[in-house]
2 protein chains.
Amino acid sequence: MDPTRGSARPLREQIADKLRQLITNGELQPGDRLSPEEVLAEQYKVSRQTIRAALQDLTAEGLLMASRGRGRIVRAYKPLTWHISRYESRHHHEEAGDPGEDQWSTDVRAQGREPRQDVKVEIVEPPAHVADLLGVGPDELVVVRRRIRYVDEVPYQLADSYFRETLVQGTPLMQPRDVYAPGGVLASLGHIQTRYVEDLVVRMPTKGEKTQLGLPAGTPVAELTRTGYDTDGKPLRVMVTIAPGDRHRFRWELDPT
Amino acid sequence: MDPTRGSARPLREQIADKLRQLITNGELQPGDRLSPEEVLAEQYKVSRQTIRAALQDLTAEGLLMASRGRGRIVRAYKPLTWHISRYESRHHHEEAGDPGEDQWSTDVRAQGREPRQDVKVEIVEPPAHVADLLGVGPDELVVVRRRIRYVDEVPYQLADSYFRETLVQGTPLMQPRDVYAPGGVLASLGHIQTRYVEDLVVRMPTKGEKTQLGLPAGTPVAELTRTGYDTDGKPLRVMVTIAPGDRHRFRWELDPT
DNA sequence: CAGTGGTCTAGACCACGCT
DNA sequence: GCGTGGTCTAGACCACTGG
């Protein structure tokens, strides 16, 4: 009866395509509210469940965001830029006049936003890949500083730093609060990091990450693991950052010589 | 009647949690096949639709993969490592004995896999952010080399390189095939790239990327944009790489001095 | 062919956010 | 209270994969 029926492509997909086009066209702008499910169901002459299936696909693609009672809106992305290669550079700290806080906070403030971080210190068995990078045995305990970083009081990223216990025993790094020293706390303890290795993988968040960071459906994360080595080539610190894709743009500046 | 009913958490979520735990526990290993929907529906005493909802959530998290007629399996991740900071380094090419192919192919081969790439050359109006990085006007035409790269004949990543038209007019870079020169083709044309800026964002793939790369649901991508500058600080090339998260691990090695 | 996931419907009730 | 999305059911048919 209906010509759209029986065609090769399923209805949910046809509807998703149409809506997707409206969004990429710009006819639906970021922040715009979509019609309620019931109205769309009437418009496209399908059941509410079918409309929901189409909308769910677009949500999983990161194009839409739903909230009960308020409706669905087109998602807006305004990632802050994170200048990775400037991090941990003493040089940069000195150039910047050393404002008395870490590079992350400085970087955020420079983009006109307000940084804050919660810190928690634990002694744990490290995850396998962290143990590997730190060069400790799988059962050896390590100290981890877990930070939740906020921008304008909205959760922004998770950053866990792992240290060998002997390295930080009795130092300010064992205190569950924001610590800072010119050039970095490790440097002030006599440990100079001369080389970094950074690993980055892209994946969907775990359930825990999703709730800690308040991530809407369809938001992937970058897991950035930075290992710092001292002058002897011994690993000093492993830092694992969980960075949601909708809030982050990473930038490296490289001078190969 | 049923004690699980009416509890705070929806059934789909409870079921998803249980299955997720089986996977993270290791009771369900990567590659394992799940019971069919109907069996699970019986087991958990819910309708098939409810089971499907739970399974869909896990699929969107990247934990499961479904195919019609074959069932659902637990996803396995075996990303290849991509040594970013070695790329485009003439130094590295010379050290490696310069095998007569680009750094990507060399890197893939070194991990015991077989690289291949399809190349297509087009003249287009560049996307806004590319025009910006290349330093051309929004209506100015540019040359783009579009590559689809395969590893063991499986699509691996998309890599589009943009050049100003005047730069590559009449050079081998206009040919739609694999080109190579020691130190890079640009270098052999007298254009030395001395500085790189890399931007990386994490997002869900577009529909086109999903089909071109054959991405299963729940697979995010990294969009890596590398801009190369010549000795005068003028942008020479912008390369945009779309790298699926399930196939990539990026590595940078940095020596801040 | 049997077994599997994919689509679709009609109808019901619930939970949240706003005014 | 009303409007919104979220959950859930029962049942039907289709489309792909494999033996």
Side-chain angles (χ1 to χ4, degrees), chain A residues 1-19 28 31-60 63-75 207 210-211 214-218, chain B residues 1-19 31-60 63-75 207 210-211 214 216-218:
Chain A
M1 320 194 166
D2 197 320
T4 57
R5 252 71 169 186
S7 84
R9 305 162 41 74
L11 289 171
R12 63 182 299 173
E13 214 174 301
Q14 294 180 39
I15 294 167
D17 285 351
K18 276 183 196 159
L19 293 172
L28 279 173
D32 282 1
R33 208 164 139 285
L34 268 74
S35 309
E37 298 175 352
E38 228 168 67
V39 175
L40 291 173
E42 258 180 56
Q43 264 179 40
Y44 290 102
K45 303 205 197 308
V46 294
S47 79
R48 189 177 153 227
Q49 291 301 338
T50 300
I51 282 291
R52 279 179 64 74
L55 293 172
Q56 257 174 33
D57 288 353
L58 296 174
T59 306
L63 293 175
L64 299 180
M65 231 176 58
S67 34
R68 200 153 27 185
R70 246 181 317 186
R72 275 192 180 77
I73 60 167
V74 179
R75 270 183 85 169
K207 215 187 146 196
K210 218 162 149 180
T211 57
L215 302 183
Chain B
M1 319 196 164
D2 195 321
T4 58
R5 253 69 171 187
S7 84
R9 304 162 42 71
L11 289 171
R12 63 181 299 173
E13 215 173 299
Q14 294 179 39
I15 294 168
D17 285 352
K18 278 181 195 160
L19 293 172
D32 282 0
R33 207 163 139 285
L34 268 75
S35 309
E37 298 174 351
E38 228 168 64
V39 174
L40 291 172
E42 257 180 56
Q43 264 180 39
Y44 290 102
K45 303 203 196 309
V46 295
S47 78
R48 189 178 152 226
Q49 290 300 337
T50 302
I51 283 291
R52 280 180 62 76
L55 293 172
Q56 257 174 33
D57 288 352
L58 296 175
T59 305
L63 293 175
L64 299 180
M65 230 176 59
S67 33
R68 194 148 39 179
R70 247 180 320 187
R72 276 192 179 76
I73 60 168
V74 179
R75 270 183 86 167
K207 214 187 147 197
K210 219 162 151 180
T211 57

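Atom set for the values below is all heavy atoms of this structure, side chains included, hydrogens, waters and symmetry mates excluded. Remember, predicted model here, so these are calculated numbers, not experimental data. Every chain is numbered from 1, with letters handed out A, B, ... down the list of sequences.
- Nearest to the side-chain atoms of A:Arg33 among the listed nucleotides D:dT4, D:dT7, D:dT9 stands D:dT4.
- B:Thr59 is linked by a side-chain hydrogen bond (donor to acceptor under 3.5 Å, both in side chains) to nothing, counting only residues two or more places apart in sequence or in another chain.
- Judged as a salt bridge (charged side-chain N to carboxylate O under 4.0 Å, His left out), and not counting sequence neighbours, the contacts of A:Arg48 are A:Glu37.
- Between A:Pro36 and B:Ala53, the residue anchored nearer the 5' end of DNA chain D, judged by the nucleotide with its closest heavy atom, is A:Pro36.
- Between B:Asp17 and B:Arg9, some side-chain heavy-atom pair lies under the 4.5 Å cut-off.
- Across D:dT9, C:dT9, C:dC8, the shortest atom-to-atom separation from the side chain of A:Arg12 is found for C:dC8.
- Contacts of B:Gln43 classified as side-chain contact (heavy atoms from CB on, under 4.5 Å), with partners at least two apart in sequence or in another chain: B:Ser35, B:Val39, B:Leu40.
- To the nearest angstrom, P of D:dA10 lies 13 Å from CD of B:Glu42.
- D:dG6 atom P lies 9 Å from atom CG of A:Leu55, rounded to whole Å.
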Tabulated below should be each protein N or O lying under 3.5 Å from an N or O of nucleotides 11-13 of chain D; please produce it.
unit_1 : atom_1 : unit_2  : atom_2 : d
D:dG11 : O6     : B:Gln49 : NE2    : 3.2
D:dA12 : N6     : B:Arg48 : NH1    : 3.3

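- Look at CD on B:Gln56: it is 13 Å from C1' on D:dT7, rounded to the nearest Å.
- Rounded to whole Å, atom C1' of D:dA10 lies 16 Å from atom CG of B:Leu11.
- A:Lys45 has its NZ atom 23 Å from the P atom of C:dT7, to the nearest Å.
- One atom, CG of A:Leu64, and another, P of D:dT4, lie 16 Å apart when rounded to the nearest Å.
- Take A:Glu38 and apply the salt bridge (charged side-chain N to carboxylate O under 4.0 Å, His left out) test, not counting sequence neighbours, and it matches no residue.
- With rounding to whole Å, A:Glu38 atom CD is found 14 Å from D:dG6 atom C1'.
- One can place CD1 of B:Ile51 at 13 Å from C1' of D:dT9, the figure rounded to the nearest angstrom.
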Walk me through whether A:Gln56 and B:Gln56 qualify under side-chain contact (heavy atoms from CB on, under 4.5 Å). CA-CA 10 Å; A:Gln56 257 174 33; B:Gln56 257 174 33; 3.4 Å; yes
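- The CG atom of A:Leu64 sits 11.0 Å away from atom CG of A:Asp32, with the distance rounded to the nearest 0.5 Å.
- Among the atoms of the strands shown, base atoms are found under 4.0 Å from some heavy atom of B:Arg52.
- Tested against B:Val74 for a side chain to side chain contact (heavy atoms under 4.5 Å, CB included), the candidates B:Leu34, B:Leu58, B:Leu63 yield a single pass: B:Leu34.
- A heavy atom lying under 4.0 Å from DNA chain C marks the following residues of residues 65-73 of chain B, by number: B:Ala66, B:Ser67, B:Arg68, B:Gly69, B:Gly71, B:Arg72.
- Shown here is A:Glu13, whose CD atom has more than 12 heavy atoms of other residues, nucleotides or ligands within 6.0 Å.
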